[in-house]
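Quick note on labels: first sequence line is chain A, next is B, and so on, each numbered from 1. A quick note: this is a predicted structure, and the numbers were derived from the prediction, not measured.
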Number of protein chains: 2
Amino acid sequence: MTKLQIHRREASDASDRDAKAQAEGFATVRQAHESEMAEDYVELIAELIEIQGEARPVDIAERLGVKPPTVTKNISRLKEAGLVSRERYRAIFLTPEGQKLAEACRRRHRIVVAFLLSLGIDEETAERDAEGIEHHVSETTLEAFEAVVTRAHEKH
Amino acid sequence: MTKLQIHRREASDASDRDAKAQAEGFATVRQAHESEMAEDYVELIAELIEIQGEARPVDIAERLGVKPPTVTKNISRLKEAGLVSRERYRAIFLTPEGQKLAEACRRRHRIVVAFLLSLGIDEETAERDAEGIEHHVSETTLEAFEAVVTRAHEKH
DNA sequence: TATATATGTTAGCATAGGCTAACTTTTGAG
DNA sequence: CTCAAAAGTTAGCCTATGCTAACATATATA
């Protein structure tokens, strides 16, 4: 073993945990990406049902900025995952599980947006950044955000 | 045109912009995802060069929590994108462009972590959340974060 | 210096999530 | 009630990013 290698080994005792923790962090991000599609869809479906009484693929496609066939494909995935129920050519419904997920997502979204606004960020940027950020915020961080928002409101 | 449809149309005048803006937001997130791989790699490569003098695929794989062939494949993509230079079986270097990107990423990472810490979040969570969040923070929001960190330091 | 071990690459596969073109079903206007 | 337009689906393609198994190269020590 050369000096260089020994050097690396010694460093690694100190940084093995670092490396492992880092790897877990990246794994967490990759997992988040895998559930992002589901989260975006159920959140949007809930929103559409609320504002216009039903969620149609064409509206989902428009809001997500994708083409209808993409929506069809992803809706079947969500159906397989037990988050939505629906029959061909008919409107889309959320299962109880889907509703639960949607509600959790909407809560996170609201908190993140309110938090960004409380920092003085403009609405459009807040909405846009929240869309990306919300999927990567742990419950711990979310609670910290919530606390800031509450404090800002108290000071009103 | 039925009442329901008229209703939708009327609503849509008010929400067309909404829908469009929302679609753009999702498009922004999708684009961010496409550059995440590049950002994570160059950031990590710069870090490895700094702490151990060189960036080897095996170390990158360990830190990212992926297998070596995945690193090989992604490094060639980065090479095609002009972010790294390297010869087969040799260590990895960043091109000037890659260095610039790495520096920007590390700045963002530092700011996001410092910001989360200033909210009282524990280090591990801060690091982990930052990893996911940093790719979705606009310059506007980043500056707001920076301001909070600075203020927290002043109050020290 | 020879060779075992560590590192790196290639080939081939899988899944996610986009797209277009072509087809089917639903819907609503006349 | 019919039939055209709107909505939805299917088929087939593409790219990104993972993986394993098998092979190639580099390196460090005996």
Given atom [atom1] of [X] and atom [atom2] of [N], what is their separation to the nearest angstrom?
X        : N      : atom1 : atom2 : result
B/Lys67  : D/dA22 : NZ    : P     : 16 Å
B/Leu64  : D/dC19 : CG    : P     : 10 Å
A/Arg86  : D/dG8  : CZ    : C1'   : 7 Å
A/Glu87  : D/dT9  : CD    : C1'   : 15 Å
B/Gln52  : C/dT7  : CD    : P     : 11 Å
B/Arg56  : D/dT27 : CZ    : C1'   : 11 Å
B/His135 : D/dA16 : NE2   : P     : 18 Å
B/Glu62  : C/dG8  : CD    : P     : 12 Å

Sequence-distant partners of [X], salt bridge (charged side-chain N to carboxylate O under 4.0 Å, His left out), two or more places apart:
X       : value
B/Glu47 : B/Arg63
A/Glu39 : A/Arg108
B/Glu97 : none

Hey, what else clusters with [X] if you join Ile, Leu, Val, Met, Phe, Trp, Tyr whenever side-chain heavy atoms sit under 4.5 Å?
X        : answer
B/Leu116 : A/Ile111, A/Val112, A/Phe115, A/Leu116, A/Leu119, A/Ile121, A/Ile133, A/Val137, A/Leu142, A/Phe145, A/Val148, A/Val149, B/Ile111, B/Val112, B/Phe115, B/Leu119, B/Ile121, B/Ile133, B/Val137, B/Leu142, B/Phe145, B/Val148, B/Val149
B/Val113 : B/Leu117
B/Val58  : none

Looking only at side-chain N and O atoms, does B/Arg90 come under 4.0 Å of OP1 or OP2 in C/dT7?
-> no

Have a look at B/Pro68 and say if it touches a base, only the backbone sugar-phosphate, or nothing, with a 4.0 Å heavy-atom cut-off.
-> base

Contact class for A/Arg77 (heavy atom, under 4.0 Å): base, sugar-phosphate, or nothing?
-> base

With sequence neighbours left out, which residue pairs that include part of residues 140-149 of chain A fulfil the side chain to side chain donor-acceptor pair (under 3.5 Å) condition?
-> A/Ser138-A/Thr141, A/Thr141-B/Asp129

Could you walk me through whether A/Lys20 and B/Glu124 pass the salt bridge (charged side-chain N to carboxylate O under 4.0 Å, His left out) test, one step at a time?
-> CA-CA 12 Å; A/Lys20 209 179 152 197; B/Glu124 198 183 319; over 6 Å; no

Among residues 69-76 of chain A, which residues get a heavy atom nearer than 4.0 Å to DNA chain C?
-> A/Pro69, A/Thr70, A/Lys73, A/Asn74

Specify the residues of residues 29-44 of chain B, ordered by number, for which at least one heavy atom lies under 4.0 angstrom from an atom of DNA chain C.
-> B/Arg30

Report the nucleotide, chosen from C/dT26, C/dT20, C/dG8, that has the shortest atom-to-atom distance to any side-chain atom of A/Tyr89.
-> C/dT26

Applying salt bridge (charged side-chain N to carboxylate O under 4.0 Å, His left out), run through A/Arg110 and A/Glu103 and close with a yes or a no.
-> CA-CA 10 Å; A/Arg110 273 196 314 271; A/Glu103 209 171 315; over 6 Å; no

